[in-house]
*Asks:* 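Here's a structure for you.
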Amino acid sequence: MRILVLSDIHANYTALMAVLEDAGDVDETWCLGDVVGYGPDPNACVEELRERPMLTCLLGNHDVAAIGKIPLEMFNGDARLSLIWHEKVLAPSNADFLRSLPDNTKVRNDVTLAHGSPRDPIWEYIINTLSARLNFDYFDTNWCFVGHSHIQCMFMLNEGLDRITLDSPKVGEPIKSNGRAILNPGSVGQPRDRDPRAAYAIFDPGAKTWEARRVEYDVKEVQDRMREAKLPERHTERLAEGW
Ligand code: ZN
């Protein structure tokens, strides 16, 4: 069984399509949230995702803001400008889809899923071994998949030593582990690990493997459309470098 695990699409339809094509046939799709925000294609991304059979999708912090559930003041200037634009262009049926998404963790095939962290599902970033260590106490399954930081990475817990390691998985080389781990597939639409390629992962629950993957897409074309939509230049520029 192959499960496509993706997160932080951020309204980048070109990157999303590159990922779907690269992933090929999958049995299920798990999206860890932030379908919208930053990019030029919120409607196209929501519509593409909604059509996926066997979809599990969580609510992310940008999704929450785009549907008006929290004050936009919780975001910095550029992110706020972008969200105001998203709120304006999002079609009512696509906003309804986002409204229907769960704002808590979900367990699927013995894996816990969260946008940010199991402790604080929408907002907390797991970016270092300390935040990972605290979060291992908040889920019961062996593995937990999170997004939010836009960094493709894995935190492994050595229970004997009570020590956490943080690694970047080798792209295209499935890892197999029976130990406890927090895994991040990275971001489809706005990677921040200095690799501009769209990031995602393939999970096989039977074999218990996780394969981190990257795929190139036409960044320039997305940047052109962001400039046309007058979205913040900082968000446009960063796509080329992956920061
Ligand atoms: Zn995000």
Side-chain angles (χ1 to χ4, degrees), residues 1-10 26-35 49 52 54-64 69-70 98 100-170 174-188 191-193 199-213:
M1 188 172 179
R2 296 176 86 238
I3 297 173
L4 167 61
V5 185
L6 40 77
S7 191
D8 299 276
I9 297 165
H10 282 297
V26 293
D27 300 289
E28 293 190 29
T29 300
W30 295 353
C31 174
L32 308 177
D34 275 1
V35 183
L49 207 58
R52 305 280 300 167
M54 302 301 288
L55 171 73
T56 296
C57 188
L58 308 178
L59 193 65
N61 54 315
H62 285 254
D63 305 320
V64 174
K69 270 194 175 174
I70 52 154
L98 296 178
S100 74
L101 299 178
D103 60 2
N104 52 5
T105 59
K106 287 280 163 222
V107 175
R108 292 279 181 277
N109 294 71
D110 211 24
V111 176
T112 302
L113 311 179
H115 176 63
S117 77
R119 181 168 71 158
D120 182 359
I122 291 189
W123 290 97
E124 183 183 19
Y125 290 92
I126 301 183
I127 44 166
N128 51 36
T129 53
L130 174 64
S131 47
R133 179 68 199 90
L134 295 169
N135 270 286
F136 273 105
D137 295 335
Y138 287 81
F139 63 100
D140 301 322
T141 55
N142 255 3
W143 282 11
C144 174
F145 300 165
V146 300
H148 196 38
S149 70
H150 299 204
I151 293 168
Q152 193 172 56
C153 63
M154 56 190 193
F155 298 91
M156 302 287 208
L157 172 64
N158 181 323
E159 286 185 277
L161 298 171
D162 193 27
R163 188 176 294 162
I164 311 268
T165 54
L166 164 59
D167 285 302
S168 308
K170 285 212 174 63
I175 55 155
K176 191 176 167 73
S177 165
N178 290 319
R180 300 197 73 205
I182 297 174
L183 300 152
N184 191 320
S187 167
V188 172
R192 292 180 192 162
D193 45 14
Y200 71 101
I202 296 289
F203 169 54
D204 183 332
K208 296 219 177 337
T209 57
W210 169 269
E211 182 185 347
R213 298 177 70 148

*Asks:* Taking atom CG of Leu6 and atom CZ of Arg213, what is their separation to the nearest 0.5 Å?
*Replies:*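 If we round to the nearest 0.5 Å, Leu6:CG and Arg213:CZ are 12.5 Å apart.
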*Asks:* Can you sort out the partners of Trp210 under side chain to side chain donor-acceptor pair (under 3.5 Å), two or more places apart, ordered by chain and number?
*Replies:*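 Counting only residues at least two positions away or on another chain, Trp210 forms no side chain to side chain donor-acceptor pair (under 3.5 Å).
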*Asks:* Once the angle between the rings of His62 and His10 is folded into 0 to 90°, is it parallel (under 30°), tilted (30 to 60°) or perpendicular (over 60°)?
*Replies:*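 Rings of His62 and His10: perpendicular, over 60°.
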*Asks:* About how many Å separate CG of Leu58 and CH2 of Trp30, when rounded to the nearest 0.5 Å?
*Replies:*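 Between Trp30 CH2 and Leu58 CG, I get 10.5 Å after rounding to 0.5 Å.
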*Asks:* Do we get Arg108 above Phe145's six-membered ring, with its NZ or CZ under 6.0 Å from the centre and within 45° of the axis?
*Replies:*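 The answer is no; the distance or angle limit is not met.
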*Asks:* Between Ile175 and Leu183, is a side-chain contact (heavy atoms from CB on, under 4.5 Å) present by the stated rule, with each step listed?
*Replies:* CA-CA 11 Å; Ile175 55 155; Leu183 300 152; 4.2 Å; yes
*Asks:* Using distance alone, with no hydrogens and no angle criterion, decide if Ser168 and Asp193 have a side-chain donor and acceptor under 3.5 Å apart.
*Replies:*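 No, no side-chain donor-acceptor contact under 3.5 Å.
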*Asks:* Hey, does the side chain of Asp167 reach the backbone of Pro169 with a donor-acceptor pair shorter than 3.5 angstrom?
*Replies:*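 No, the answer is negative, given that no donor and acceptor are paired below the 3.5 Å cut-off.
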*Asks:* As an exercise, state the distance from CD1 of Ile182 to SG of Cys144, rounded to the nearest 0.5 Å.
*Replies:*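 If we round to the nearest 0.5 Å, Ile182:CD1 and Cys144:SG are 5.5 Å apart.
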*Asks:* Could you list the residues that satisfy side chain to side chain donor-acceptor pair (under 3.5 Å) with Thr141, not counting sequence neighbours?
*Replies:*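 Once residues adjacent in sequence are excluded, the partners of Thr141 under the side chain to side chain donor-acceptor pair (under 3.5 Å) criterion are Thr112.
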*Asks:* Once you round to the nearest 0.5 Å, how far does NZ of Lys208 lie from CH2 of Trp143?
*Replies:*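 With rounding to 0.5 Å, NZ (Lys208) is 8.0 Å from CH2 (Trp143).
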*Asks:* Give a yes or no on this: more than 12 heavy atoms of other residues, nucleotides or ligands lie within 6.0 Å of atom OH of Tyr138.
*Replies:*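 Atom OH in Tyr138 is not crowded, with 12 or fewer foreign heavy atoms closer than 6.0 Å.
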*Asks:* Would you name the heavy atoms of Pro174 and Thr209 that are closest together and state the gap between them?
*Replies:*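 Looking at all heavy atoms of both residues, the shortest contact is CB-CB, 4.2 Å.
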*Asks:* For Leu113 and Val111: C-alpha separation, side-chain torsions, deciding distance, then whether side-chain contact (heavy atoms from CB on, under 4.5 Å) applies.
*Replies:* CA-CA 6 Å; Leu113 311 179; Val111 176; 3.9 Å; yes
*Asks:* Does atom CE of Met1 have more than 12 heavy-atom neighbours, drawn from other residues, nucleotides or ligands, at distances under 6.0 Å?
*Replies:*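 Atom CE in Met1 is crowded, with more than 12 foreign heavy atoms closer than 6.0 Å.
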*Asks:* Determine whether more than 12 heavy atoms belonging to other residues, nucleotides or ligands lie under 6.0 Å from atom CG of Asp140.
*Replies:*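 No - once you tally the heavy atoms of other residues, nucleotides and ligands closer than 6.0 Å, there are 12 at most.
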*Asks:* Can you establish whether the number of heavy atoms outside Lys170 located under 6.0 Å from its atom NZ is more than 12?
*Replies:*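 Counting neighbours around NZ of Lys170, 12 or fewer heavy atoms of other residues, nucleotides or ligands fall under 6.0 Å, so no.
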*Asks:* Can you see which heavy atom on Ala114 is nearest to which on Pro118, and at what distance?
*Replies:*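 Shortest heavy-atom contact: CB-N, 4.0 Å.
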*Asks:* Using a 4.5 Å cut-off on heavy atoms from C-beta on, say whether the side chain of Val26 contacts that of Ile202.
*Replies:*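 A side-chain contact exists here, since the closest heavy-atom pair is under 4.5 Å.
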*Asks:* Show the nearest heavy-atom pair for residues His148 and His115, with the distance to one decimal.
*Replies:*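 Answer, listing the atom of His148 first, then His115: ND1-NE2, 3.2 Å.
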*Asks:* Test Leu32 against every option in Ser187, Pro185, Cys57 by the side-chain contact (heavy atoms from CB on, under 4.5 Å) rule and name the one that passes.
*Replies:*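 The passing option is Pro185.
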*Asks:* Looking at every heavy atom in both Ala207 and Lys176, which two are closest together, and how far apart are they?
*Replies:*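 Heavy atoms only, the tightest pair is O-NZ, 2.6 Å.
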*Asks:* Considering non-hydrogen atoms only, spot the tightest contact between Leu55 and Leu49 and give its length.
*Replies:*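 Here Leu55 and Leu49 meet closest at CD2-O, 3.4 Å.
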*Asks:* Can you check whether Ile3 reaches Met54 side chain to side chain, under 4.5 Å on heavy atoms?
*Replies:*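 No - every pair of side-chain heavy atoms lies 4.5 Å or more apart.
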*Asks:* Which donor-acceptor pairs under 3.5 Å do the side chains of residues 122-133 make with protein atoms, sequence neighbours left out?
*Replies:*
from   : atom 1 : to     : atom 2 : distance (Å)
Glu124 : OE1    : Ser117 : OG     : 2.6
Glu124 : OE1    : Arg119 : NE     : 3.3
Glu124 : OE1    : Asn135 : ND2    : 3.0
Glu124 : OE2    : Arg119 : NH2    : 2.6
Glu124 : OE2    : Asn135 : ND2    : 3.4
Asn128 : OD1    : Leu130 : N      : 3.3
Asn128 : OD1    : Ser131 : N      : 2.8
Asn128 : OD1    : Ser131 : OG     : 2.7
Ser131 : OG     : Ile127 : N      : 3.3
Ser131 : OG     : Asn128 : N      : 3.3
Ser131 : OG     : Asn128 : O      : 3.1
Arg133 : NE     : Asp162 : OD1    : 2.9
Arg133 : NH2    : Asp162 : OD1    : 3.0

*Asks:* Identify the two heavy atoms, one from Asp63 and one from Gly33, that lie closest to each other, and give their separation to 0.1 Å.
*Replies:*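 That closest heavy-atom pairing would be OD2-C, 3.7 Å.
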*Asks:* Enter the distance from Asp34:CG to Asp8:CG here, rounded to the nearest 0.5 Å.
*Replies:*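 The distance works out to 4.5 Å.
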*Asks:* Using modelled atom types only, decide if a donor and an acceptor are shared between the side chain of Asn184 and the backbone of Gly147 within a distance under 3.5 Å.
*Replies:*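 Yes, Asn184 side chain to Gly147 backbone: donor-acceptor pair under 3.5 Å.
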*Asks:* Nearest 0.5 Å, please: how far is CG in Asp103 from CG in Asn61?
*Replies:*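 With rounding to 0.5 Å, CG (Asn61) is 12.5 Å from CG (Asp103).
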*Asks:* Near Asn178 CG, under 6.0 Å, is it more than 12 heavy atoms from other residues, nucleotides or ligands?
*Replies:*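 Atom CG in Asn178 is not packed in, count stays at 12 or less.
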